[in-house]
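Written below as structure tokens is the structure these notes are about.
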There are 2 protein chains.
Amino acid sequence: MANSKLYKGSLNTIILKLLDEGEKMYGYEITQKVKEITKGELKITEGALYPALHKLEAEGLLDVEVKKVDNRLRKYYKLTDQGVREKTNRLAELEEFIRNMEQLVNPKWSIN
Amino acid sequence: MANSKLYKGSLNTIILKLLDEGEKMYGYEITQKVKEITKGELKITEGALYPALHKLEAEGLLDVEVKKVDNRLRKYYKLTDQGVREKTNRLAELEEFIRNMEQLVNPKWSIN
DNA sequence: AAATATACATAATTTTCTTATGCATAAGAA
DNA sequence: TTCTTATGCATAAGAAAATTATGTATATTT
């Protein structure tokens, strides 16, 4: 993953969200998509990505389908029903996290 | 630190920001302040906080001043000059991180 | 022909946190 | 008055999640 340590812990959420968006994707495609969306600022490393995908699959959040394209293997992942539900939770947590961080960085007073 | 793994990696940035805001603070005060700002959603654990403070001090980003208040010790931390500069960097990184995450979660098309 | 891109994978190590302790004083509740 | 909670510090063991370093293999570009 990229330079800043801030991304630690957000990889699973990113994966679930991308798979919800674009239907099925394969690992390498995910790395490229993230690089594109963040304009090169976030580069997911393979050492982080593939174990994460395997773990999400083992947890029942992803299904895999292997295909051979141009004589090269691709493992397409998609969300299971459980994965869709979990994705919703993770996104809610992410938005709460972002709100909290923004409040810490740039506090708006509460009424009290 | 709190439940969600998303906060991993953001503790140092939080500390630097709070110390920039409120001048000097001691450890316990930081935990309470964060709890207050996030309305109890983020609870910094001592096992994470104190080592982080020691590390920031060792890196030359924080200065310490020990005081005895009500017969109890307090270690007041404040930013060094280097700490102020580093804080600026970390906050910029945080804002970039938040922008990237928002872009991943809710993409706005680029013009291309 | 060599370098880069595509595509997967895993092992060793590092970073960062959680959980579990430990010590000590002050304040409030039973 | 005793027990619990709050205040205030600290460290050690373990888990989680990443980085870095490899490894294999094919396709494409230089």
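We name chains A, B, ... by the order of the sequence lines, and we start the count at 1 in each one.
Transitive grouping of hydrophobic side chains (ILVMFWY, heavy atoms separated by less than 4.5 Å) keeps A/L73 and A/M25 in distinct clusters.
Nearest heavy atom pair, residue B/Q82 against residue B/G60, reads OE1-O, 3.6 Å.
Within 4.0 Å of B/G27, counting heavy atoms only, lie sugar-phosphate atoms of the nucleic acid but no base atom. As judged by a 4.0 angstrom heavy-atom cut-off over every strand, B/E46 is placed among the base-contacting residues. Residue B/K55 is in sugar-phosphate contact alone, with no base atom involved, counting any heavy-atom pair closer than 4.0 Å across all strands shown.
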Item to check | Worked verdict on B/Y77 versus B/Y26 for ring pair (Phe, Tyr, Trp, His ring centres under 6.0 Å) | outcome: CA-CA 6 Å; B/Y77 291 90; B/Y26 57 100; 9.8 Å; no

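Between B/N71 and the phosphate of C/dA26, there is a side-chain N or O to OP1/OP2 separation shorter than 4.0 Å. OP1 or OP2 of C/dT10 sits under 4.0 Å from a side-chain N or O of A/H54.
Atom pair B/K5:NZ and C/dT16:P shows a separation of 18 Å (rounding to whole Å applied). Distance CD (B/E57) to C1' (D/dA10): 13 Å, rounded to an integer number of Å. The distance from atom CZ of A/R72 to atom C1' of C/dT4 is 12 Å, rounded to the nearest whole Å. One interatomic measurement links the two molecules: OH of A/Y50 to C1' of C/dA11, which rounds to 17 Å at whole-angstrom precision. Spacing between atom CG of B/L73 and atom P of D/dA6 amounts to 21 Å, rounded to whole angstrom units.
No hydrogens or angles were tested; on distance alone, nothing pairs the side chain of A/K8 with the base of C/dT16 as donor and acceptor under 3.5 Å.
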Applying the Watson-Crick and G-U criteria (both distances under 3.5 angstrom) with [ ] for crossing and | for other-strand pairs, one obtains for DNA chain C ||||||||||||||||||||||||||||||

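Figure legend: cation-pi geometry between B/K24 and B/Y76, with NZ or CZ positioned under 6.0 Å from the six-membered ring centre and within 45° of its axis.
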